[in-house]
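A short write-up of the structure that comes next.
Note that these values count all heavy atoms, side chains included, but never hydrogens, waters or copies made by symmetry.
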Amino acid sequence: MARSLFLSLFLFLGALAFATPSEAVTRFDTQEIVLRSASSYNANSGTPNPFTAVDVTARVTSPSGRAYTVNGFFDGDGWGGAIGNVFKIRVYADEIGTWRWTTTSNTAGLNALSGTFYCSGTLAGVFGKGPVVENPARLRTFKYQYGEPVYLVGKFLDIAAPYPLQYSHTMFSEKLTDTNRQAMLDRHRGMKLNKINVYLANRGDYSSMSTTPWVGTAAAPVRQRFDLARWRMFERWVVNLRNSGMLAHLWFFADDSGFGDLPDADRKLLLEYGMARLSGYVNTMFVLALEWQEGWTTTEVNTYMSYLHTQNPWARMATVHGVPGDFSYPASAWADYMDTQAGNSVGHGAVNSHGLRNRNLAVKPVIQEEFGMGSEDTAHRQKAWAAFTAGAAGSGTGAFLAHLSTFANQVDFEWMDPANALALSANAYVLAQKGTAYVAYLHSGGTVRLDLRGVTGNFSVKWFDPRTGTFRVAANVAAGGERSFPAPAAGDWVLYLKRI
C-alpha cells in the first residue's frame with residue numbers, strides 16, 4: 001500500500017515538474033508552458049507524426065477570469081532538435097496576477113495536467129503598451145492597446161539596400177545568416193521604421209531567397225512536418241524584433257510559389273502551427289497570402305481566413321493582400337485591416353487616389369503596402385507622403401521614411417481626415433481636423449492656397465522638410481478665409497497648421 005502511494009505521488013510530481021513554471025512572467029510577455037509526452041517523436045520521420053497525430057490544448061484562465069483555448073505544438077527536444085518529447089503552449093500574459101491552465105490531449109503524458117504561473121511587472125519598450133490594435137476612438141487608425149496611436153511604417157521593398165538586405169520578406173530565409181538578419185534589422189531601425197514584413201513560407205518570390213518552414217528543401221519539402229531548427233530561428237527573431245520596437249508583420253504564403261495549389265490539410269497545418277508558435281508574442285500581426293489572386297479562389301480566402309481566426313486566441317490582427325487594385329474583402333469580418341497595393345509603377349497622384357478610394361470602402365485601417373521598389377529618391381518620397389495624406393494607417397515602402405516617421409510622431413494624425421478639396425490651388429494633398437489642425441503636402445512645392453473659411457482663431461504655422469526631417473517656424477495666421485502659404489524653397493514641402 002505504501003509503495004503504491006509512493007509510486008502515485010512520484011508520477012504526479014513527475015508530471016508537474018514540467019508543467020509549473022517557477023519564475024514570474026512580465027505583463028505583455030509570453031509564458032511558455034513546457035510539457036513532456038510519455039513517448040518520444042522524430043520531427044523528420046517516423047510514425048506517428050507528432051504534428052498530425054498528437055493533439056494538445058490548454059484551457060487558460062486569466063486572473064480576471066477570461067478563458068482561452070490555446071493550441072500546443074511539438075518542439076522536439078525543446079531547443080531546435082528534431083527528436084524528443086517536448087510539447088509547448090505559449091500564453092500571452094496581458095494581466096497581472098495568477099494565471100491557471102489545464103491541458104487536454106489524446107496522448108499519454110500530456111492530458112489532464114494543470115498548473116499556474118504569476119504575471120508581474122511590465123515588458124520593456126513600446127510593446128509594454130500592448131499589441132497594435134484598431135484604435136477604438138478612430139477606427140481607421142492603429143494604436144498600442146494601452147498607449148498612443150501609431151502610424152505603421154515599413155520598407156519591405158528596399159532596393160536601395162545592399163544585397164541581400166533589399167527585401168524584408170526574406171528575413172527568415174534559410175539562405176540568410178544571422179549576421180544578414182541583424183544588418184537588416186539595424187538598417188530598418190536606422191530608418192525609424194516600426195514594422196517588418198516577413199514570409200513564413202516562400203519558394204519562388206525574390207529569386208532564390210526561399211523560406212521553408214517544412215522539413216526538407218524549398219524544392220522538396222515534407223509539408224506535414226516542420227523543421228524545428230528553422231522555427232526556433234523564426235521565434236528568436238520575432239523576439240529580437242519585439243525588443244527593438246518592431247512589429248513582426250508575418251505573411252504565411254508567398255506569391256510565385258504555387259501555394260494556392262496545396263492540399264487543404266497542408267495549408268491548415270501551417271496556419272495551426274504558425275499561430276500556436278508565434279501568435280503569443282505581443283508584436284505579431286498576420287497576412288494569409290501575398291497576392292491571393294495568384295492561385296487562391298475567393299471561397300478559399302474566406303475559408304482560410306476564417307480558419308486562421310479559429311487559431312487566434314489572442315486576437316492578433318490579420319488580413320490578406322492582393323494584386324494592384326482595391327481591397328477585395330472590405331466587408332468581411334475576418335479582415336481586421338485592409339492591406340493593399342496601388343502598384344509599383346504608378347505616380348504619387350495614383351497612390352493618393354488609391355488610398356482615398358480604399359479608405360472609403362470600410363471603416364477599417366488601410367495599409368498602403370506596395371507602391372514602389374524603395375529607391376531613395378524624390379518619386380518614392382512623394383508616394384510615401386501621398387499615402388500618408390490619403391489617411392492610411394500605415395505603409396510598406398517609400399523613401400526618406402525616417403522623416404515621415406518623425407513627423408507622424410509629432411502630429412495628431414489619427415484625428416485628421418483626407419481633405420484635398422481644401423487645397424484650392426490643387427497642388428497639395430491635405431489631411432485635416434477641421435478647425436484644429438491641417439497638414440498639406442505640397443508634392444511639387446510652390447504656393448498652396450488653403451480654404452480656412454468658416455474657421456475661427458489663430459494657427460501656428462510650421463514647414464516640415466521631408467528631405468531633412470526638420471521644421472521651420474513661420475508667422476502665425478488668422479483663419480476665416482482663403483490663405484496662401486508659399487513653400488520656403490524649391491521641392492516638396494509639408495505645411496502644418498495647428499490652432500493656438
Do NZ/NE/NH1/NH2 and the carboxylate oxygens of Lys143 and Glu414 come within less than 4.0 Å?
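No, Lys143 and Glu414 are not salt-bridged.
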
Flag the pair [X] / [Y] as yes when their ring centroid distance falls below 6.0 Å, and as no otherwise.
X: Tyr151; Y: Phe388; value: yes
X: Phe253; Y: Trp296; value: yes
X: His380; Y: Phe371; value: no
X: Phe51; Y: Phe226; value: yes
X: Phe464; Y: Tyr496; value: no

Interatomic spacing from [atom1] in [X] to [atom2] in [Y] - rounded to 0.5 Å:
X: Asp412; Y: Glu148; atom1: CG; atom2: CD; value: 11.5 Å
X: Thr436; Y: Leu497; atom1: OG1; atom2: CG; value: 11.5 Å
X: Gln182; Y: Met171; atom1: CD; atom2: CE; value: 7.5 Å
X: Leu361; Y: Phe327; atom1: CG; atom2: CZ; value: 9.5 Å

Would you kindly check if the NZ (Lys) or CZ (Arg) of Arg381 is within the cone defined by 45 degrees around the ring axis of Phe400 and under 6.0 Å from the six-membered ring centre?
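Judged by the rule, Arg381 and Phe400 form a cation-pi pair.
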
I want to check a possible cation-pi pair here: Arg27 against Tyr146, using under 6.0 Å from ring centre and within 45° of the ring axis as the test.
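Because its charged atom sits under 6.0 Å from the ring centre and within 45° of the axis, Arg27 does stack over Tyr146.
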
So, using side chain to side chain donor-acceptor pair (under 3.5 Å) as the criterion, who are the partners of Tyr307 when residues are at least two apart?
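For Tyr307, the residues satisfying side chain to side chain donor-acceptor pair (under 3.5 Å) (neighbours in sequence not counted) are Glu272.
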
ring-ring contact (aromatic ring centres under 6.0 Å, His included) partner of His321, the single match among Trp251, Phe252, Trp292, Tyr337
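Single ring-ring contact (aromatic ring centres under 6.0 Å, His included) partner of His321 among Trp251, Phe252, Trp292, Tyr337: Trp251.
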
Taking only residues at least two apart or on different chains, which pairs with a member in residues 421-430 satisfy salt bridge (charged side-chain N to carboxylate O under 4.0 Å, His left out)?
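Of all non-adjacent pairs touching residues 421-430, none passes salt bridge (charged side-chain N to carboxylate O under 4.0 Å, His left out).
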
